[in-house]
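To start, the structure under review is shown below, and the notes come after it.
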Number of protein chains: 2
Amino acid sequence: MKQDIFQAIADPTRRAILTLIAIQALTPNAMAEKFDMSRQAVSKHIKVLQECGLIKPEQSGREIYYHFNPKKMKEFDNWLAQFRTMWETKFNQLDKVLSTIKKQKK
Amino acid sequence: MKQDIFQAIADPTRRAILTLIAIQALTPNAMAEKFDMSRQAVSKHIKVLQECGLIKPEQSGREIYYHFNPKKMKEFDNWLAQFRTMWETKFNQLDKVLSTIKKQKK
DNA sequence: TATATGTGCAACTTTTGGGTTGCGCAAATT
DNA sequence: AATTTGCGCAACCCAAAAGTTGCACATATA
């Protein structure tokens with residue numbers, strides 16, 4: 001099951017994980033302690049995040065440190081770019097488009 | 001049921017709707033024709049998008065044109081901002097953090 | 001006024017997703 | 001060598017979400 005980066009971010013726990021490990025890499029157990037949640041539940045979220053490339057594992061003995069992958073997160077930024085001009089321009093172009101459609105109907 | 005903007009964006013059909021109406025406002029029927037999907041299914045997605053404020057309805061007789069709300073989308077951009085510095089800096093700070101943790105363990 | 005069209009709402013079915021439990025394995029500890 | 005610890009994997013349960021069907025209602029059109 002190939003995971004989607006948008007779907008990965010939809011879950012609030014996974015967003016919290018990303019915010020945490022953006023500061024410092026953590027093991028699954030360490031994450032589970034931060035949230036009031038079982039290790040296995042956290043592990044499932046880790047799997048989703050890892051499958052879509054948002055986090056990367058780093059083995060250290062029997063512990064695994066997961067760290068954040070900013071490059072993958074940039075894909076969001078790329079997707080958002082198509083809308084960015086719309087909130088940056090004070091002059092709202094949507095109203096223009098809408099009225100244009102209405103005129104065409106007449 | 002208050003909808004979450006992250007969850008709203010998670011669905012590929014809803015993202016397609018946003019991309020479509022960012023260009024020009026559309027009615028539910030017009031959207032359903034674009035996708036291979038029933039009007040009612042599209043209407044459900046519309047409801048989700050509307051509840052979280054990403055789109056706004058504009059009544060015109062018996063038709064309803066839904067248009068994109070860029071301001072709401074900017075909330076997503078705001079959340080993304082916390083990670084932006086990480087992919088902008090060429091020098092990857094994560095490796096530093098990771099090695100720091102390892103040292104602390106010793 | 002009768003009919004067609006565009007829409008939302010509610011009930012139902014099917015699929016997906018988050019969480020728990022139980023297990024096995026490998027690395028550390030005794 | 002035996003035990004503890006950290007982890008992933010698989011099976012299962014339950015809640016939520018996506019899609020379908022049927023309906024009601026309001027606005028156009030004949």
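So you know, we letter chains A, B, ... as the sequences are listed, proteins then strands, and number each from 1.
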Q.
Quick check: any donor-acceptor pair below 3.5 Å linking the side-chain of A:Arg62 to the base of D:dG8?
A. no

Q: Let me know the distance between NZ of A:Lys47 and P of D:dG6, rounded to the nearest Å.
A: 22 Å

Q) If you find the nucleotide of DNA chain C closest to A:Gly61 and the one closest to A:Ala41, which residue's nucleotide is nearer the 5' end? A) A:Ala41

Q) Taking all non-hydrogen atoms of both residues, which atom of B:Ala8 and which atom of B:Arg14 are closest, and how far apart? A) O-NE, 2.7 Å

(Q) OP1 or OP2 of C:dG17 versus the side-chain N and O atoms of A:His45: is any pair under 4.0 Å? (A) no

(Q) For C:dG19 and A:Ser38 - does any side-chain N or O of the residue sit under 4.0 Å from the phosphate oxygens OP1/OP2? (A) no

Q.
Quick check on D:dT5: is either OP1 or OP2 less than 4.0 Å from any side-chain nitrogen or oxygen of A:Asn29?
A. no

Q. Taking CD1 from A:Ile46 and C1' from C:dG18, how many angstroms apart are they, rounded to a whole number?
A. 15 Å

(Q) Could you report the tightest heavy-atom contact between B:Asn69 and B:Gly53, atom names first, then the distance? (A) ND2-O, 2.9 Å

(Q) Distance check needed: C:dG19 C1' versus A:Arg14 CZ, whole Å only. (A) 12 Å

Q. B:Tyr66 side chain: which of D:dG8, C:dT7, C:dG18 is closest?
A. C:dT7

Q: Taking the side chain as every heavy atom from C-beta outward, state whether A:Asp77 and B:Trp87 have any atom pair closer than 4.5 Å.
A: yes

Q) Nearest-Å distance, CD (B:Gln40) to P (D:dC25)? A) 17 Å

Q | Side-chain donor/acceptor of A:Lys44 to base of C:dG17, under 3.5 Å | A | no

Q) Taking atom P of C:dG8 as reference, at what distance in whole Å does atom CD1 of B:Ile55 sit? A) 9 Å

Q: Look at the side chain of B:Arg39 against the base of C:dG8 and say whether a donor-acceptor pair falls under 3.5 Å; ignore hydrogens and angles.
A: yes

Q. Atom CD1 of B:Ile64 and atom P of C:dT5: how far apart are they, to the nearest Å?
A. 18 Å

Q: Of all the heavy-atom pairs spanning A:Ala22 and B:Met86, show the shortest one and how long it is.
A: O-CE, 3.5 Å

(Q) I need the CE-C1' distance between A:Met37 and C:dT21, as an integer number of Å. (A) 16 Å

(Q) Just the rounded figure in Å: distance from P of D:dA16 to CG of A:Asp11. (A) 13 Å

Q.
So, OP1 or OP2 of C:dG8: does either fall under 4.0 Å of a side-chain N or O from B:Ser43?
A. yes

Q) Does B:Thr27 place a side-chain N or O at less than 4.0 Å from the phosphate oxygens OP1/OP2 of C:dT7? A) yes

(Q) Once you measure the plane-to-plane angle for B:Phe76 and B:Trp79, does it fall in the parallel (<30°), tilted (30-60°) or perpendicular (>60°) bin? (A) parallel

